[in-house]
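Residue numbers start from 1 in every chain, and the chains themselves are labelled A, B, ... in the order their sequence lines are given, proteins ahead of strands. As the structure is a prediction and not an experimental result, all values here were calculated from the model.
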Amino acid sequence: MPEMKLPTRAEDFAEWYNQIVLRAELADYAPVRGCMIVRPYGWNLWENITEALDRRFKRTGHVNAAFPMLIPRSFIEKEKSHVAGFSPELAVVTHGGGEELEEPLVIRPTSETIIGHAYAKWIQSYRDLPVLINQWNSVVRWELRTRLFLRTLEFYWQEGHTAHATREEAEAETRQMLDIYTDFAVTEAAIPVIPGRKSASERFAGADETYSIEAMMGDGKALQAGTSHHLGQNFAKAFEICYLDRSGVLQHCWTTSWGLSTRFIGAVIMTHGDDQGLILPPRLAPFQAVITPIFKDDQEKAGVLAAAEKLLAALVDAGLRVKLDAREGVSPGFKFNDWEMRGVPLRIEIGPKDVTKESVVLARRDRLGKEGKQFAPQAGLAATVTKLLEEIQRSLLSRALEFRKSNTVETSDYEEFKSAVEKGFALSWWCGDSGCEEKIKEETKATMRCIPIEQAGGSGKCVYCGRPAGEKSIFARAY
RNA sequence: CGGGGCGUAGCGUAGCCUGGUAGCGCGCUUGGUUCGGGACCAAGAGGUCGGAGGUUCAAAUCCUCUCGCCCCGACCA
């Protein structure tokens, strides 16, 4: 059955990725080019992502709201670099109720403008600040080339929009959210990310400063997994978001915005997946474990299923997300492969022998074959599984970190740089000049991913032009 | 928009060059035997061959137009 096998990552990484998304039933193509249907398994993963993030947002004082999807086109045009950045990819509604609209409406590509409009009405005094609002929604950007999860015309995300009295406070907020994304990626998704600052050319349209978390995918390419923007007073001035300060002087606010999208699912797939399929980090997996019953006849079936049901109840009571795969007419071997492909972190096998011995077999997804298998007593299984899941979570993180390390080169010259970005990250002195950045892109296809917040210190010479550089930057080919 | 590939059953495809009225694998349904790493046997259901027009006695096949999708590039979370 050759069609059951996925292409390997080495053979064709892009095809491997597509096949996983479709076959693991994370998403499907929609009838409109570039749009996707997120299937229940994929949406469940997204729900777990949203819960983990939302918890962090609320803990830091943010509240959720919902702003409209349709935005007057004139709004987009109010902030000059915002227009320039977004107009080529706008979807525009020109008709409604059978009539041509007086003013076309754009389907939000992001909500700075409409939220800016609202903030201008709501904010009067320094006492109204800060405003810390987030919304979970979808946005539309008319991209030319799309890929499931990584870049779709419509994508789901959260966008946080905050307004502050001072530059310092807005900067602190921007950095706080970057830290939250970093913590989320590392803790929940076991994806090591590099938080850093974007170059001017990679900045969000309308931002003074853009920060991002950058992750290395299984093919060595970089993926921007979340962004946090310090918008300065640009939108405050365009939308007249003003407040009266303590001394009675009218001031413009300082605003921020930050977002993380369903693209993150792409990051999970490409960070942890192997040639067998998806590997989901236990903390985000829709099913943390799947119980696979094994039996020959009706008598065995009755005993095994009864024991499996009991285990399921105990595990679910312990707060674990567990599925019992009681499908008829599908062999255990098929189920093993199926759930491995779908990335379930742990498999619990229970057959007649285990029923007798009051044990189960635990098989780790991150270590295939005999090596990842162990017997465990049914008594106290929830505790055993919980511990094992934590261990799998840790091991996925350290494996990903190890992979990134071994594919990152601190380059000392341009030749070394060129070969480094062929298969991973280059960490290099960069003078900060956009001319060098542009040349590097032309010559190597690598872009400046970020200037890591964490710097080892010292100074050196720009990897391209040799002029003095005070910081090292990450360069890589990117998604 | 440029380059490449492709539209035939739910999915993957053969047939197209050299026209003669559609085949295979997977999946699906039913019954039976299986079941500790992708089971097997038997019997079934399922197709206006992307769409429109043309050539012809006859079109999945030849011609024209058209729609759509995927991959690579420019753009981008």
Point to revise | side-chain contact (heavy atoms from CB on, under 4.5 Å) involving A:Ala207 - partner list, sequence neighbours excluded | key: A:Arg203, A:Phe204, A:Thr210, A:His229, A:Leu231
Revision key, fill the gap. Ranking B:C71, B:C75, B:G37 by distance to the side chain of A:Lys373, first place goes to B:G37
Check your understanding: Quantified in whole Å, what is the P atom distance between nucleotide B:U34 and nucleotide B:G15?
Key -> 41 Å
**Study point:** Runs of at least three Watson-Crick or G-U pairs with RNA chain B, cut-off 3.5 Å
**Key:** B:1-7 with B:67-73, B:10-13 with B:23-26, B:28-33 with B:39-44, B:50-54 with B:62-66
Check your understanding: Is the shortest distance from a Lys or Arg side-chain nitrogen in A:Arg175 or A:Asp179 to a carboxylate oxygen in the other one below 4.0 Å?
Key -> no
Review point. NA contact type, A:Leu150, heavy-atom cut-off 4.0 Å: base, sugar-phosphate, or nothing?
Key: base
Practice item. Would you mind telling me which of B:A77, B:C35, B:G38 lies closest to the side-chain atoms of A:Lys296? Key: B:C35
Review point. Going by distance alone, is a donor N or O of one side chain under 3.5 Å from an acceptor N or O of the other, for A:Ser199 and A:Glu437?
Key: yes
Review point. What is the distance from OH of A:Tyr29 to P of B:G50, rounded to the nearest Å?
Key: 21 Å
Revision key, fill the gap. From the list A:Thr152, A:Thr110, A:Thr146, A:Ile107, side chain to side chain contact (heavy atoms under 4.5 Å, CB included) with A:Arg141 holds only for A:Thr110
Practice item. Could you identify which residues of residues 320-336 of chain A place a heavy atom less than 4.0 Å from some atom of RNA chain B, listed by residue number, or say none? Key: A:Ser331, A:Pro332, A:Gly333, A:Phe334, A:Phe336
Point to revise | Which residue lies more 5' along RNA chain B, comparing A:Gly226 with A:Ile350 via nearest heavy atoms | key: A:Ile350
Check your understanding: Heavy atoms under 4.0 Å, any strand shown: does A:Gly351 hit a base, just sugar-phosphate, or nothing?
Key -> base
Review point. Can A:Ser257 and A:Glu112 be counted as having a side-chain donor-acceptor contact under 3.5 angstrom?
Key: yes
Review point. Checking all strands, does A:Asp354 fall into the base, sugar-phosphate, or nothing category for heavy-atom contacts under 4.0 angstrom?
Key: base
Review point. Which part of the nucleic acid does A:Glu340 contact within heavy-atom distance under 4.0 Å: base, sugar-phosphate only, or nothing?
Key: base
Output one line per pair: protein atom, nucleotide atom from nucleotides 3-5 of chain B, and distance, for all N/O pairs under 3.5 Å.
none

Check your understanding: Which part of the nucleic acid, if any, lies within contact of A:Phe155, taking any heavy atom under 4.0 Å across all strands shown: a base, the sugar-phosphate backbone alone, or nothing?
Key -> base
Exercise for review: Please check if any side-chain donor atom of A:Ser228 sits under 3.5 Å from a side-chain acceptor atom of A:Thr174, or the reverse.
Suggested key: no
Exercise for review: Given side-chain hydrogen bond (donor to acceptor under 3.5 Å, both in side chains), test A:Glu471 with A:Ser473 step by step and report yes or no.
Suggested key: CA-CA 7 Å; A:Glu471 287 174 311; A:Ser473 301; over 6 Å; no
Review point. Is A:Glu349 touching bases, backbone alone, or none of the nucleic acid, heavy atoms closer than 4.0 Å?
Key: base
Review point. Which salt bridge (Lys or Arg N to Asp or Glu O under 4.0 Å) pairs, counting each pair once, include a residue from residues 371-380 of chain A, with sequence neighbours left out?
Key: A:Glu349-A:Lys373
Review point. If we take the C1' atom in both B:G53 and B:G20, what is their distance in whole Å?
Key: 23 Å
Check your understanding: Do A:Lys310 and A:Gln378 have a side chain donor and acceptor closer than 3.5 Å?
Key -> no
Point to revise | Sugar-phosphate only, base, or nothing, as touched by A:Lys445 at under 4.0 Å among non-hydrogen atoms | key: nothing
Review point. To the nearest angstrom, how far is A:Asn18 atom CG from B:G12 atom C1'?
Key: 16 Å
Practice item. Identify whether any heavy atom of A:Thr447 sits under 4.0 Å from a base atom; if not, whether one sits that close to sugar-phosphate; answer base, sugar-phosphate or nothing. Key: nothing
Exercise for review: Between B:C63 and B:C16, how far apart are the P atoms? Round to whole Å, please.
Suggested key: 14 Å
Exercise for review: Could you tell me whether a side-chain N or O of A:Arg365 sits under 3.5 Å from a main-chain N or O of A:Leu278, the two making a donor and an acceptor?
Suggested key: yes
Study note, to complete from the structure: Side-chain contact check for A:Arg33: nearest option of B:C69, B:G36, B:A77 is B:C69
Check your understanding: Between the side chains of A:Gln135 and A:Ser111, is a donor N or O closer than 3.5 angstrom to an acceptor N or O?
Key -> yes
Review point. Quantified in whole Å, what is the P atom distance between nucleotide B:A45 and nucleotide B:G23?
Key: 13 Å
Revision key, fill the gap. Ranking A:Thr146 and A:Gln276 by the position along RNA chain B of their nearest nucleotide, the one closer to 5' is A:Gln276
**Study point:** side-chain hydrogen bond (donor to acceptor under 3.5 Å, both in side chains) contacts in which one or both residues fall within residues 276-294 of chain A, not counting sequence neighbours
**Key:** A:Glu188-A:Arg283
**Study point:** Output field: ring centroids A:Phe417/A:Trp430 closer than 6.0 Å
**Key:** no
